Amino acid sequence: MGLFITFEGTDGSGKTTQIQQLTAHLETEGRIVCTTREPGGTKIGNQIRHVLHDVNNIEMTAEAEILLYSASRAQLVRELVLPRLAQGEVVLCDRYVESTYAYQGYGRELNFDMLRRLGEFATQGVRPDLIIYLDLDIQAGLARKATLAATGQEVLNRMDKLEQDFYQRVRDGYHELARQDSEPTRWLILDASAPIETISQQVWARVSALLESVIST
Ligand code: TMP
């Protein structure tokens, strides 16, 4: 069985950079790595991503939004995550069900029982071995995202148009999720304002220890 690692964080927290660095590190060690993201990661998932991110879809209801994120996730788990894990690969996913709990649960304040049931259904109960949460001040994240957008490195999406209170609830929500997890040690919470190299060393320290423990069991 492989290793399933997810990256979480509010927008602009630097997940993409850290995923690239970890992928390179793992490949140097001879690991086969599958990197993917949510929403998206499959042909169907990418079509759903387009609908979710289209800034013209202002009439999208919170209920439709959660079902679309969940549909993309269900496709990803069955089509990619489970088969790759079965082949012994390391699967790195940019966002997973914790994003729904943070953004739709804490951000949009949707009913948590419903979200949990939907989350279980979409993931078939597949949990990450490690959740790397990059914690960043909301103002700093939004500023970073605006710079990336201004330099054409990123396109702002429908979820980037929300008010600051929303993102603050999401950030607080992530901390709450880590505290309430039945296995809180599966969370690695890092200060995303630290230099990129410092963060990638912290990530590698944890991932290499995890790989060793998997090999020795
Ligand atoms: P990103 O690909 O740039 O991270 O953008 C994805 C956006 O979608 C981001 O604002 C977080 C949001 N999102 C949710 O609201 N719920 C979810 O379940 C997922 C996966 C993402």
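Nothing fancy with the numbering, it's 1 onward along the sequence. Remember, it's a predicted structure, so these values are computed and weren't measured experimentally. Order of listing sets the numbers, starting from 1, for every ligand and every atom in it.
Remark: Asp94 pairs with Lys15 by the side chain to side chain donor-acceptor pair (under 3.5 Å) rule, at least two apart or across chains. Residues satisfying the side chain to side chain donor-acceptor pair (under 3.5 Å) test with Ser182, not counting sequence neighbours, are none. Annotation: side chain to side chain donor-acceptor pair (under 3.5 Å) contacts of Arg158 (sequence neighbours excluded): Glu65.
A donor-acceptor pair shorter than 3.5 Å can be found between the side chains of Tyr174 and Glu8. A donor atom on one side chain and an acceptor atom on the other are not found under 3.5 Å apart for Glu183 and Thr185.
Near ligand 1, residues Asp11, Lys15, Glu38, Arg49, His53, Tyr69, Arg73, Arg95, Ser99, Thr100, Tyr103, Gln104, Lys145, Asn157, Met159 come within 4.0 angstrom through at least one heavy atom.
By the 6.0 Å contact criterion, CG on Leu162 is enclosed, its count of non-hydrogen atoms from other residues, nucleotides or ligands being greater than 12.
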